[in-house]
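Predicted model only: the values in this text are computed from it and were never measured. Within every chain, numbering begins at 1; the chains are lettered A, B, ... in the order of the sequence lines, protein sequences first and strands thereafter.
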2 protein chains.
Amino acid sequence: MSETKNHPYHHGDLRRALIGTALDMLATDQNWTFTLREVARRTGVSHAAPYKHFRDREMLLRELARIGFVRLGESMTEAMSLGLPSTRARFTAAAQACVGFACQNPGLYRLMFSSDADKTIDPQLHDAAMDTFGILLRLLRDGQQDGSFRPVAVSALAAASWAQVHGLAMLAISNQLLEEKVGSAPVPASLDVLLDGMCRSD
Amino acid sequence: MSETKNHPYHHGDLRRALIGTALDMLATDQNWTFTLREVARRTGVSHAAPYKHFRDREMLLRELARIGFVRLGESMTEAMSLGLPSTRARFTAAAQACVGFACQNPGLYRLMFSSDADKTIDPQLHDAAMDTFGILLRLLRDGQQDGSFRPVAVSALAAASWAQVHGLAMLAISNQLLEEKVGSAPVPASLDVLLDGMCRSD
DNA sequence: TCCTCCATGTTTACAGGAGAAACTTATGCG
DNA sequence: CGCATAAGTTTCTCCTGTAAACATGGAGGA
């Protein structure tokens with residue numbers, strides 16, 4: 001009865017399998033308190049096997065975060081490429097995609113911006129985060145060039161909108177955007193307030 | 001040489017002492033990975049003593065977060081009560097106080113908004129957070145009454161500014177407001193963008 | 001005054017986790 | 001064919017969280 005599981009000694013693609021298991025647990029529990037041993041167990045390997053692919057538990061977490069940034073970028077890019085009429089509409093679409101991503105992947109989103117995913121010690125993670133930030137930056141520049149956004153320093157627009165969107169996402173997944181506090185559609189409402197400040201008033 | 005430490009069997013105020021030690025470690029390490037045993041050790045008591053005051057480790061963390069919200073509220077209130085001329089100026093002062101608090105207490109600020117400080121299972125923590133949010137809300141209402149802020153739904157203003165300030169704080173303590181990306185004074189710059197959208201344009 | 005209760009400590013015990021080290025297996029390459 | 005090596009496993013040590021049983025000493029009643 002010991003050989004029903006025909007697992008070959010070598011898994012074949014354990015690294016990817018571990019990441020998949022960990023992403024599943026992150027999505028299920030909405031936190032990353034899982035132990036590395038549990039990940040190994042669910043993947044069907046010994047508790048020491050993961051160390052052949054990740055130096056330590058945090059290295060796995062950083063890889064999850066990196067994947068999160070890639071996926072977030074894809075979501076935003078997709079939302080923007082729907083043939084929307086105005087730059088303002090594309091901005092709103094991207095922002096809502098970001099908040100939507102956070103709401104659908106709260107654990108992952110939190111991890112991406114937590115201190116457990118330290119970007120200062122992981123160039124790949126840092127680059128992935130910067131690439132996603134770059135999507136926003138390009139949108140803002142385009143908007144300034146086509147006259148949609150005010151010609152103030154793009155850095156001010158970037159800081160304001162990055163903070164705004166990230167703040168909305170964090171508050172949304174913390175259930176702090178309850179209707180009785182901030183109305184029924186706080187995300188578009190507050191984006192409109194911001195855009196009123198960002199857009200040319202002519 | 002064993003009785004130099006004249007510690008009486010009963011500490012006297014262990015609860016407060018543990019909180020103090022934990023706050024110190026949080027400030028030093030800028031994270032809350034410290035173990036409960038380490039907190040006990042540094043406070044000079046046995047590793048089980050903390051359990052007489054906190055059901056588990058997370059209960060201590062929630063108490064730290066609660067204290068954080070109280071202190072943040074104090075900072076904001078203090079910043080607003082400096083006889084500033086306009087509501088807009090008071091808003092900016094409060095927002096900068098919030099970001100400043102986050103920068104000076106990055107670990108604590110992160111903890112306050114992390115899932116390890118679960119507000120849904122701790123009424124005291126929830127209330128403390130709501131009290132601090134209330135400061136912002138009152139400021140916005142006052143500003144609408146005196147005509148500083150546009151008479152749109154206060155919930156939209158609240159969501160926008162809460163998100164903005166929180167987002168700025170989170171980005172600031174994550175070192176994601178680097179000068180080459182968002183200019184030299186991103187906080188006032190982005191607050192101005194937001195305020196341009198919030199304030200009456202007459 | 002003395003005794004007893006109870007909140008607040010301590011000691012002991014145990015189940016798990018992180019990670020290192022040493023061992024095993026299979027696989028690709030000369 | 002034979003072996004170096006990547007990728008697994010086993011075993012080990014140290015640490016943690018937390019429960020349970022025990023100790024202490026101060027406060028309040030007889």
Nearest-Å distance, [atom1] ([X]) to [atom2] ([N])?
X     : N      : atom1 : atom2 : answer
B:M25 : D:dT16 : CE    : P     : 10 Å
A:D13 : D:dG8  : CG    : P     : 9 Å
B:L60 : D:dT16 : CG    : P     : 15 Å
B:L18 : C:dT8  : CG    : P     : 12 Å

- prompt: After noting the C-alpha distance and the side-chain angles of A:S115 and B:N31, does the key distance pass the side chain to side chain donor-acceptor pair (under 3.5 Å) rule?
  reply: CA-CA 8 Å; A:S115 42; B:N31 66 48; over 6 Å; no
task: Take the angle between the ring planes of B:F113 and B:F69 and call it parallel below 30°, perpendicular above 60°, tilted in between.
output: perpendicular
Are [X] and [Y] within salt-bridge range, i.e. N to O under 4.0 Å?
X     : Y      : answer
B:R88 : B:D196 : yes
B:E63 : B:R66  : yes
A:R41 : A:E38  : yes

- prompt: Does the side chain of A:Y51 come within less than 4.5 Å of A:L36's, by heavy atoms?
  reply: yes
message: Within the 4.5 Å heavy-atom criterion, are A:F91 and A:S161 side-chain neighbours or not?
response: yes
message: Measuring to OP1 and OP2 of D:dG8, would you say a side-chain N or O of A:H53 lies under 4.0 angstrom away?
response: yes
message: Report for the helix from C:dT1-D:dA30 to C:dG30-D:dC1: angle between first-end and last-end helix axes, five pairs each, rounded to 10 degrees.
response: 10°
Going by atom type alone, with no hydrogens or angles, which donor-acceptor pairs under 3.5 Å involve a side-chain atom of residues 17-25 of chain A and a protein atom two or more places apart or on another chain?
residue, atom, partner, partner atom, Å
A:T21, OG1, A:A17, O, 3.0
A:T21, OG1, A:T43, OG1, 2.9

task: Any chance you could list the contact pattern along nucleotides 11-20 of chain C? Use B for base contacts, S for sugar-phosphate-only contacts and - for none, protein heavy atoms under 4.0 Å, 5' to 3'.
output: BBB---SBB-
